Amino acid sequence: MSAIQSLVVVGGGTAGWMAAAFFAKRFAGTPLNITLVESATIGTIGVGEATVPAMKVFLSDLGIDEREFMLNTQATFKLGIEFDGWNKPNESFFHPFAMFGAKIASIPFHHYWANLRTQQQAGPIDDYSLATQLARSNKFARPKENALDIARFNYAYHFDAGLFANYLSRFSQRQGVTRIEAQISHATRDATTGNISELVLESGEIISGDFFIDCSGFRGLLIEETLHTGYEHWNQWLPCDRAIALPSSSDEQIPSYTRALACSAGWQWRIPLQHRVGNGYVYSSQQISDEQALAELQKNITGTSLAEPKLIHFATGMRRKIWNHNVFALGLASGFLEPLESTSIYMVQTAINTLFTYFPQTQDCATIAQHANHTLAQHNQRLRDFIILHYYLNQRTGEPFWNECQNMTIPESLQARIEEFRYTANLRFDDLDFFQISSWLSLFSGFNLLPTHHHPKVAFFDKQHVIRELADMRSAIQRAVGDLPSHQHFLNPENATNTRRTAQHELPT
Ligand SMILES: Cc1cc2nc3c(=O)[nH]c(=O)nc-3n(C[C@H](O)[C@H](O)[C@H](O)COP(=O)(O)OP(=O)(O)OC[C@H]3O[C@@H](n4cnc5c(N)ncnc54)[C@H](O)[C@@H]3O)c2cc1C
């Protein structure tokens, strides 16, 4: 058994450079050597540009300044996702990184809101979310700490994936990471332990290491091609298996949210960056051809195309083990959940944190690997269930893709959550859930699934009083939105780099 002295990261996409940056920072001043091997010939996937608020934590853990990061990656702010046509064509709902409304007498908002809503005495749930209203008005401001419930929200970023990897590459190398630009031919295994011992480059050069992080993308050079770990497929619930990506020129207004537009056999993303818009169609190849998908995508794009369309094949699911022998799979090498809720980069971050928690002392790491694998599988399954919900609850008619989604048999874990909400109005979550109460609520309400029951205390409230409270919440939100700058204005370097000016644009508590 030898102590871990050298960590080798295979691949320099988003996952590889996030891992290199994180471990270089966390192990600074220790004898651990970190090397990253990447191949410009193979390149990176080049998509993956919408994030969730956890990215802010990742950047601040590294000590990265938000403004500098945004300038270097052409980033924009993201308040949530607009889902167009998912429930029915011409209907839309918004999933904000935010709370809805406020408690009344310690009863969560959705209990009395749903009660009034079923009697047509409350507005759509969007009316009670400041983040949603900001997004719908193309506005942005940073949330205030310690804000009242109705003013609480969070935000994430859209960024250029290529620029992000370059930025982290420079950061990591400043922290002492060795970067090797080369193509790996194959890896060799120790005959006794089965561990990976060396990478053999196309040039014949050898790179040895004690522990390897496989960030080689879908192929899984170490985790699959070398260790044959196996893959758990989830296509029975998530039928999309292809995507076409096609960037286009920016519109005049830069929205502060991602758009997910339901299409005939899947959905289309629209991710606004400062210098361009990322577009793509995620679809089921069982339902339409690549040519049909491209035509549908092009029809929905505004602006001029900036590159050739890029076709990507994928299989939704996860590796049977994320950590196998002395290899930890990260990013696309570890599995893939389609990008509907921007969860992949978040899972990279979660897996990096998990590996740091369970970081091996020696190459003999089967027991800790088992714990890490269990934790990560649960995280992944929770995300998977949340994404399935988007497909399952649709009420579109006359389209084979969407009809099949309505009729699928969903995982029991998801069925249990739906039933619990439907019959008790309860929304539960724990540490393994990234998506919390407000996220589930935005989906349920977006698909018009309201509980048949609410907390009994709601019946004791004076109804007129509750109606007035809701009206007050709505007005307070509208007033707050009215005073705030457009997202475009907020991003404009002249204003955005001026801290005093930005401070004025913070929300009232
Ligand atoms: C259509 C689509 C849309 C997506 N959208 C989002 C999104 O909005 N939000 C989100 O969070 N995630 C999204 N993702 C996921 C996101 O793109 C990935 O999680 C992220 O980019 C990480 O990719 P990666 O680094 O694992 O792989 P890659 O970017 O594929 O990098 C693989 C690396 O391995 C190297 N490599 C491979 N083989 C060798 C070899 N033999 N020798 C040397 N180097 C090698 C390559 O050169 C490259 O550097 C999306 C994914 C897809 C497919």
Side-chain angles (χ1 to χ4, degrees), residues 8-20 35-52 54-55 58 78 81 156-162 164-166 168-169 179-187 199-203 205 207 213-226 240-246 258-260 266-273 278-283 293 297 309-316 319 329-352 383 387 434:
V8 179
V9 180
V10 173
T14 300
W17 283 116
M18 280 177 74
T35 304
L36 183 144
V37 190
E38 64 177 329
S39 159
T41 314
I42 294 175
T44 63
I45 187 106
V47 285
E49 308 199 310
T51 62
V52 295
M55 179 50 71
F58 182 79
K78 172 180 171 186
I81 306 176
Y157 312 101
H158 307 113
F159 56 63
D160 180 310
F164 184 56
N166 292 344
L168 288 184
S169 169
R179 170 183 178 268
I180 297 176
E181 153 62 39
Q183 196 161 326
I184 300 160
S185 152
H186 61 279
L199 305 178
V200 182
L201 305 185
E202 293 286 356
S203 62
E205 198 188 324
I207 295 176
I213 306 185
D214 185 352
C215 305
S216 61
F218 284 131
R219 63 187 297 191
L221 180 69
L222 305 183
I223 197 77
E224 198 56 54
E225 290 180 13
T226 315
C240 294
D241 57 357
R242 285 196 197 167
I244 300 180
L246 183 57
T258 306
R259 182 169 185 238
W267 62 279
Q268 181 180 329
W269 79 76
R270 187 179 192 286
I271 299 176
L273 305 178
N279 307 284
Y281 188 3
V282 176
Y283 58 97
L297 173 66
K310 180 172 182 174
L311 176 65
I312 300 164
H313 292 228
F314 61 81
T316 304
R319 294 271 169 238
L330 197 64
L332 300 173
S334 68
F336 184 56
L337 265 176
E338 60 155 275
L340 187 54
E341 285 281 357
S342 321
T343 44
S344 291
I345 296 171
Y346 163 73
M347 258 327 281
V348 169
Q349 191 180 343
T350 303
I352 288 173
L383 296 177
I387 293 173
F434 170 69

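Computed from a prediction, not measured in an experiment: that's the story for all the values here. All ligand and atom numbering here is 1-based and tracks the order in the structure. Because only heavy atoms are used, hydrogens play no part in the values below, and waters and symmetry mates are left out as well, while side chains stay in.
Within the 4.0 Å heavy-atom cutoff, Gly46 does not count among the residues contacting ligand 1. For the pair Ala161 and ligand 1, no heavy-atom separation below 4.0 Å is found. Between Trp17 and ligand 1 there is no heavy-atom distance shorter than 4.0 Å.
You'll find the side chain of Arg242 reaches within 4.5 Å of the side chain of Tyr283, heavy atoms only. Counting only heavy atoms from C-beta outward, the side chains of Met347 and Thr343 never approach each other to under 4.5 Å. Counting heavy atoms from C-beta on, the side chains of Leu222 and Ser216 never come closer than 4.5 Å. Side-chain contact check for Val9 versus Val37: every heavy-atom pair is 4.5 Å or farther apart.
Taking distance alone, with nitrogen or oxygen atoms compared against 3.5 Å, Pro339 stays at or beyond that limit from ligand 1. In terms of N/O distances under 3.5 Å, ligand 1 is approached by Ala50. Remark: ligand 1 and Gly11 share no N or O pair separated by less than 3.5 Å (distance only, no angle test). Note: an N/O pair closer than 3.5 Å links Ser39 and ligand 1 by distance alone.
Contact annotation: for Ala245 versus ligand 1, there are no heavy atoms closer than 4.0 Å. Contacts of Arg219 with ligand 1, taken as heavy-atom pairs under 4.0 Å, involve the side chain alone. With a heavy-atom cut-off of 4.0 Å, Phe314 does not touch ligand 1 at all. For Ala243, every heavy-atom contact with ligand 1 shorter than 4.0 Å involves the side chain, none the backbone.
Protein heavy atom at the shortest distance from atom 39 (C) of ligand 1 is Ile42 CD1, 3.3 Å. Remark: minimum distance from atom 53 (C) of ligand 1 to any protein heavy atom is reached at Phe336 CZ, 3.6 Å. Among protein heavy atoms, the minimum distance from atom 26 (O) of ligand 1 is reached at Leu332 N, 2.9 Å. Scanning the protein heavy atoms around atom 49 (O) of ligand 1, the nearest turns out to be Gly12 N, 2.8 Å.
With sequence neighbours excluded, the residues that form a side-chain contact (heavy atoms from CB on, under 4.5 Å) with Ala15 are Cys215, Leu330, Val348. A search for side-chain contact (heavy atoms from CB on, under 4.5 Å) contacts involving Thr316 returns Trp234, Leu238, Phe314, Leu337, not counting sequence neighbours.
Checked by atom type, the side-chain pair His158/Thr51 shows no donor-acceptor distance below 3.5 Å.
In summary, Arg219 and Glu224 do not engage in a salt bridge, as defined by a charged side-chain N under 4.0 Å from a carboxylate O.
In this structure, CG on Leu340 lies 10.5 Å from OG1 on Thr258, to the nearest 0.5 angstrom.
Here is the list of ligand 1 atoms found below 4.0 Å of a heavy atom in Ile345: 10 (C), 11 (O), 12 (N).
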